[in-house]
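Lettering follows sequence order; numbering is per chain, from 1.
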Amino acid sequence: MIRKLFLCVFTLLLTSSFMFAQRTVTGTVSESSGPLPGASVIVKGTDAGTTTDFDGNYSISVPNDDSILIFSFLGYTTQEVLVGSRTTINITLSEDAQALDEVIVTALGLKENRDKLASTYSKIEADKLVQPVENKIIDGIAGKAAGVTINGTSGDPGAGSNIQIRGVSSLGGSSQPLIVVDGVPLNNDNISGSGDNDPSAGVSQQSRLNDLNPDDIESFQVFKGASAGALYGSRALNGVIVITTKKGKAGKLSATYSSGISIDEIAYRHPMQTSFGQGNGGSYSPTAQRSWGDRISDRSGGADNVDTSGQFFQSLVSDNIIYPIVSGGKNSTEIYTDRNFDQVFRNGITYDNKLSVSSGTEKGTFYLSAGHVKQDGIVESSFYKKTNFTLSATQNLTEKLSANFKANFIHTGSNRTQQGSNTAGLYLGLLRTPADFDQSDYIGNHHSSSGVVTQFRQRAYRRYRGDSDNAIYNNPLWTINEQKSTAKVNRFIGTGELNYKWNSNISSILRGGIDNYNDTRIYFFPWYTAGAARRYGLLQDETILNEEINGDLLTNFNYDLSDNLGSNFVVGFGLNDRRRKRIFTQADNFIANFRSPLDANEIAAKENITAETTLTSRRNIRFYGTANFDYADQLILQIGGAYEKHSVLPKSDNGFFYPSVELGWTFSNALKNKGKLSFGKLRFAYGQVANVPIAHRAQTVFEVGTFSTFSDVIALEDFGGGFQLDERLGNPGLKPEIKTEYEFGLDLRFFKNRLTVSSTYYTNETVDVLLDISIPTSLGFEEIYGNGATIENKGFELELKYDFLKKEDWRGSVAVNFSRNRNLVSKLTGGGIINFTDGSSIQSVAKEGFPLGVLSTQGALRDDNGNMILDSNGFPQVDTRGDLIVGDPNPDWRGGVQFDLSYKNLSLSGLIDTSQGNDFAERTRFITSFFGTHADVGNTITLAENLVNFDGDVIPAGSSVRGNIENFGGGNVLLDESYYTTLWGFGDGKLNEFAVHDGSWTRLRELSLSYTLNSEKFKKATGFESIVFTASGRNLVIWTDVVGIDPDINQYGVGRGKGLDYFSNPGSRTYAFGVKFNY
Amino acid sequence: MKSIYKIILSLIFLTSAVACDDYLDVNENRNQLVEVPSGTLLLKGTLLANAQVQQGHLSRVSMYYTGGLIGLQLVQQTIYNYDYTPGDSDGTWSQIYNGILVQNKEIRRISPDLDFLNAIIDVNEALAVGTATSLFGDIPYSAAVPDNPSLGSEDPTLDAQADVYASLQTLLDGAITKINTSTTSVGSEDIYNGGNKTSWLEAAYTLKARYYLQTKQYSQALTFVPNGVSSASNTTAYRPIGDVDGNSNILSNFVTSSRAGDMTGVGAFYRDLIDPTNVNGRNNAKTDETARRNYSFVFGNDEQESEDGLLIGIDGPATPMKLVSYEENLLIWAECLLRANNDVQGAIDKLNELRAYLNTGDSFNLMNAADTFRYDAYDLADFQAGGIENIDNIATDRAVLREIIEERYVTGFTTFMAFNDARRLRASDPDVIVPFPLNNGTTTINPQRFLYPQDEIDANSNIPSPIPDLFTPTAVNQ
C-alpha cells in the first residue's frame, strides 16, 4: 500500500515539474568586494529558488513578469526586485550589521530567527558535519560544539559513539540526547541485548543515529539547555539534537554523485616485549600463563627438541605437525610478536557511493537519494555495510494546504569482533600471547598417544599441543576466523506532515512519523572456543523489533499586538508509542562440532536450548504550548510548557508539567553608537526537563534464577525449572527525575559580524534521579529501582568565530570552542556506589560527593597526608579496607579549533580538539605487565646498587636483571617478576590504582583539502555544475601520555561508565579521498 | 474568524479525549511472573542457593585457610595469601538473604498450609543461617527480611551470634514438630532428599547437635545426635545431575571454568596428611587412605582431570556434595561422648562405627579398581601412650579427641568443618588441632572469620565500623 502511494506521489511530482511553461532570468549577485557565491534567490510567494554559484551567477525560472525575486545572503540586507520584462538582473547586496538572519529550527520543527532565541544551541553546518566518506554522523560532531562530547567506543566498523551534552544528568536509562528529525523523534538505540549482555566484553554495538545518510542532512543543531527541550519534557533530559533533512529545491533538476574511498589503519599498538619467553621465574614453560620465562636470546637456536613418539597436533592451516616439546628442549629463538599481530590486523578500506537527485516547482519538490557504504575494518573479517534510500517530497495541494512526505529505508550489515574482558575476545588472547609463541596453526586435529583423533581443536598459547578442549584464552586467529558476531538491520522511517493555513495569522500542522527497525544478530562460537560457556559451542540468535510511532497536532498563532509588540503562540498535542520485542534463542553444548550457525534445534539437544522473549511498551501523551513576545526588536520573552502523562508512572500520579522561560535583550538595538559592535544580546533561560522510569519496574518479579559465588554458576533451568524472587525489589511509587536548569548568556558580534562570540554559563540540578539503589542485602533484596539521587552540573561554554580573511580570492575563518563542566553527585540514597562497569576491577561509579563516573578500586595504603605506607622492603601495600576513588575520567575542560582557508577553488580545513584533565585506566597495560608481555616489563637493567625486590631478596649491585627501578618513597627498589605478579594482576588485593593515569589528549581530528572544478569552460565541456575533489584524514595525530591505545576508546561502550580500557579493540586513523559530481 | 477557533479547539479536544488513560495502560510486565501459584515452585531455588552457601566460594576459601587447597594464581592466590576483601563475601551473603531467607518468607506467605514444605525450608534456613553466623559472627537475622520492604525500610540490625544460634535451635525444634505432624508431601522439587521426611528430620537433629558443638555446649549436642542422621542413605546432600555446568558439582564447575588452574590440591597439607607414603601421615596399620586420597584429589585444572578420566572424584560433575551427613553425626557423637561424659570407649566405638562405614567403601567413589583402603576398628590401646594413634605419648582421652578432630578434618573436606574446628579449638584445645601450616611467613594466626560483605557495608549503617578483621575470632570462639 505504502509502496503504491510512493509511486503515485513520485510520478505526480516528476510530471508536475515539467508541466509549467516558464521563462528564465539570469544575473550576478555581488557585494562590495566582489561576487557573492551561495546567495539565495527566491521567487516570492513560491518555493521556487536557487543559490548563486561560486562566481555569484544564478539562473532562475519565473512564472511571469509580475514575479518578484528575493535576493538574500547571511549578513546582508535582503532585496526584493520586480522582474518585469528583464531577463538579466544584477544585484549588489549591502552588508547588514543589524541582523544575521540565521534560521534555527526548533524542536517542534518550526523555523525561528536565531537572534530571536534566548537559549543556547550549537549549529553544525552540514558540510562541516561529515568529511567525505565519514559514514558515522555522530563522530562528525566531535570537537565542533562547546559542551558536546563525543566518545568513540572502538575502531570497529560501525561501532557506536557516546554523545554527552553538558555532563551526565541521570544514572539510568538512556544517557543519549533526544534526536528530532524534521519534528519527529528518531530512535538512537545502542542496545546490547541478551546476546551481548556483559558490558565488559562482547562486541561494539551500533548507534542507530548513524543509520542516516549524512548526505541527507541539511542542518544539525544541538540544543543544550533545558529550556529549549522543555516542550519534549520527559525525553529531553540529555539535551536535544534537531536535524533537518534536505528537501528538493525549486528549479532545474539537480543531481550529485559522490564517490569515496578511505583507508583505516590501526592508530595505536600496545608495545610488547620481545626479549623473554613464556614461563615463570626465568624458566621456559610452554603452558605457562605468563611471559616471565627465559631470555630468548640465551637459547641455543635451531629447532625445538620434540617428542615424536606420542601425541601430536596436525594443523589444518598448514602442513605443520606440532609435537610436545621435551623438557629443556626449547631451542628456537624466533620471535613472533609482529607476525602474530599482522595476521590479525590489516588496513581497513571503505567504499562510499552516494547519489542524490532533486527538483521542483513552486507547486512541489522532490528529493531522492541513495547511498551505499562498504567498510572492511582494521580487524580481519570485520565489516560494516550500509545502504540508504531516501525520498522526500513536498506538495502545495491548495493555497492553504500543503503536504510533505519523507521515507527512508536503511539496511546495514556487519560482522563485529569480540573484545574486552572476554576469553573469546581478540586482544585478550593476542596481547597475552608470549613473544615466542607462533599462533599460526590455530586449528587442527589432535592425535592422542592412544590414537584418538579430535578434529578442529583450537590451539592457543596455553595449549600449544592442542591437547585440551579448554583453550583457556582464544588464539586471536580463532577469534577472527571461527567466531561470528553478525548483525543485520532493516529500518524504515516515514514521516508525513500536513500544513493548513487557516488565515494569515493561524496555521496548523498535523505531523506523524513511524520509525521501525528490526535488528537480527547472530553470535556463533564453535566447539573449543575458550570459556566454559562456549567450550562445546554457543549460538545466540537475537532479533530486536523496534517500533516507534509519533503524532503531533499543533497550531501556530501569529499576531502583532501593537506596532512594537509581536507575538506568537503555539498550542499542540502529541502522542508517542514505543514498543520493542526482543526474541532471543540460545543453544550451547552442540551435539556435534558444527562450524557455522544453524537452527538451534539442529545444533543442540533440547535441554541445551533456551529461548526468551522480552516485550517493552511505553506510551505518553503530551499537551504543550508556547507564547513568544517580541518587543521593539529588543526584548524577547518566550514562555513554554508541556504537560505529559506516562504509562511508566503510577496511574494515580502519571502527569507532569515542564515549564520554561526565556528572556533576551538585544541591547545593541538600544545603543545609539555601537562602534565596532554589530550585535549584542543578553539572555537568560530557565527550564525543566525530565526522564521517566524504565518500563515495567513497579512490581517485584520472579525469575528462573541462577546461583553463583565465584565462577561456579548453577541454574534452576538446568534442574528442571523453578522460580525465585528477583534480587531487585519492585517499586510502585516511581516519579520522573526532573532537571531544572538556569542559563545566562551573552552573544556578541563585531566588525560587521565578522567576529562572533557566544558565551553561556549554566547550572542545573536533577533531583529524584532514578537508579538501582543498593539496599542492605539483609532486607532480602539487593536493590530497588527508585528515585534517590541528585546530580548537579555547572559549566561554561564559549564559541567564537572569526572570519579573518574575506577577499575575492581568499577566505579564511577560525572557530574556537571551549567548555568546562563540573559534575557532582550531591546525593545518593543508600550510600555506597553505583557501578556503571560491572565486571571490571576498576569501576567507573557514582558516589556521593564525587563527579559521576569517578574511578573506584583498590589502591595503595596511605597515611593521612596521602603518603604511601610502605612495607619493610620499601614497597607499597594494598589498602584492604575497601575501594578508593583513584581517578576522575571527566575532563577539566575541552576545546576545539576549526579553521578553514580557501583560495579560489582550493580549500583547506582542519579541526584540532583537546580534552584535558581526564583520568584513564590503562588496564590492558597493567594486566599485560602482570602477564610479562608488555614492553614496560621487558627491560634488562644492570644494578648500580644493591636493591631489594618485592619478595625481600637483595639483588647485588652489578647484577643484570629483568625489571625496573622505582622509588615509592623509601629508596630505590627493584620491580621484578615478584612485584608485577603479586601487586599487579586481576581482581582484589591488587594495586589497581597504578593502572590509572592522566588521559588528557589533543588530536588533529580532521584535516581536509578540497578542490572544486567549476569554470565556465569546464561546465560547457562536461555539462556538470562542478566537480569537487577531496582528500582528508581523520585522527591523524594524537598527543597523549596514554600508551598503546586511543584514550577516547571505551571498554564499556555507550553509557556512563568511562575511562577504562581492557583489551578493547583499537581505534583507527583514516585517510579518505573523494570526488563529488554536481549536475 | 470564530469558527476557526471552534474548529481548532474541537480538534484539540477530540484528540485529547481519544487519548484517555486507557491508552497509557501498558505498564504491566508481560515478560516475567509477579505471582507464583505455589511455594513449592520456589523450593528448588532455595536449595540451590544453599548449595552455594555451603559448597561455593567461601567453602573453597575455608580450605585455603586449613591446608586443604592452594590458591595458585589470580584472585585465588590473593585470597590464599590472606588478602581477603569484603567483596569476597558478597556472593555468599546474597545467597543467604535473597537466595534463601526472603524466598522462605514468600513460601510461608503463599503456601502456609504445606506443612512439610514449611519444615524443609526451616531446616534449610537453619543450615544456611548457622553457617552464616559461624562465618561472620553477629549477623542480621531477627530484623532481616522485614515485611513490605521498600526504600524507606530501616537497616536491619545485627543479632548477637549467641542469639542467632539460640534462634536456630528454636527454628529447628519447630521444624522437627512440623515434620512429625506433617500431612503433606514434597516431590522432586526437593533436590536434596527427594521428599524423604526421615532425612529432613534427622538433618534437623544433626544440625541442632552441630550448632551446640559450635557453641561448645557439648552435653546439649549429645542429646540430639541419637536422633541425627542415622545412615548414609539419609545424608542430606546437594545432588548434582552433572550433564551440563549449570547442574553440576560446584567444585567441578569451578575447575572447568576459566578459573582452571587457579587453585589446586597438589602439594596441600591435606594430601600429605592422608598420603600412605608420608611417614608423618595418618595412615597406620589399621588405616589405608589410598582410595579416599585419590577420590578427594582436586587437581584444579580440568585438562588433567578429563584426560585421566577422573570424572567421579570429589570434584566430578555428578558427585554429590554432602551437607549434613551420617559421618558428621557420628563424629559429633564421638566427640561429645568424650567431652560431656568422659566416655573414652564410647567415643572410640562411635569412631569405629564410622570406620566400619568407611570400610564398606560407600563413602567415596573408587577411582581405580586397584585403589586400596582399610579402616579397621581401633581399640583403647591404640590411643594409649605408645599406641599407633599416640606415639607421642599424650593423655589417652586427648589422643582419642585428636583422632576424632583429624577424622573430622579429613571427612569434612570441601565443607566448613575443618575451618570451624580450627577456630573452635584454637583457644580451648590447641593440642588437638590439625597442625596445618599457615600460608605465608608473615601471618601468625589463622583466619578466624570472613569479612562482612562490601554490599552490606555500603548499605547497612548497622554494620560495625571498622569491621572486625579476618583474624578477629567470632564471639563463640573468643
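Between the side chain of B:Q95 and the backbone N or O of A:S708 there is at least one donor-acceptor pair closer than 3.5 Å. Panel note: side chain B:N98, backbone A:F781; no donor-acceptor pair is recorded below 3.5 Å. Put simply, the side chain of B:Q32 never gets that close to the backbone of A:E703: no donor and acceptor are under 3.5 Å apart.
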side-chain contact (heavy atoms from CB on, under 4.5 Å) between A:I775 and B:S153, worked out: CA-CA 9 Å; A:I775 52 177; B:S153 294; over 6 Å; no
side-chain contact (heavy atoms from CB on, under 4.5 Å) between A:T709 and B:L58, worked out: CA-CA 8 Å; A:T709 46; B:L58 292 191; over 6 Å; no
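Heavy atoms closer than 4.5 Å to chain A are found in the backbone of B:E28, but not in its side chain. With a 4.5 angstrom heavy-atom cutoff, B:Q76 touches chain A only via side-chain atoms. Residue A:T981 touches chain B through its backbone alone, counting heavy-atom pairs closer than 4.5 Å.
Summarising the geometry, atom CG belonging to B:N50 is positioned 11.0 Å from atom CZ belonging to A:F707; distances are rounded to the nearest 0.5 Å. Distance check: B:L24 CG to A:S617 OG gives 10.5 Å after rounding to the nearest 0.5 Å.
Within the 4.5 Å cutoff, side-chain heavy atoms of B:P149 are placed close to those of A:L729.
The side chain to side chain donor-acceptor pair (under 3.5 Å) with A:D712 is formed by just one residue from the set B:R259, B:H57, B:R60; it is B:R60.
The choice from B:V244, B:D455, B:L101 that makes the most heavy-atom pairs within less than 4.5 Å of chain A is B:V244. Top candidate by heavy-atom pairs under 4.5 Å with chain A, chosen from B:N460, B:D83, B:I463, is B:N460.
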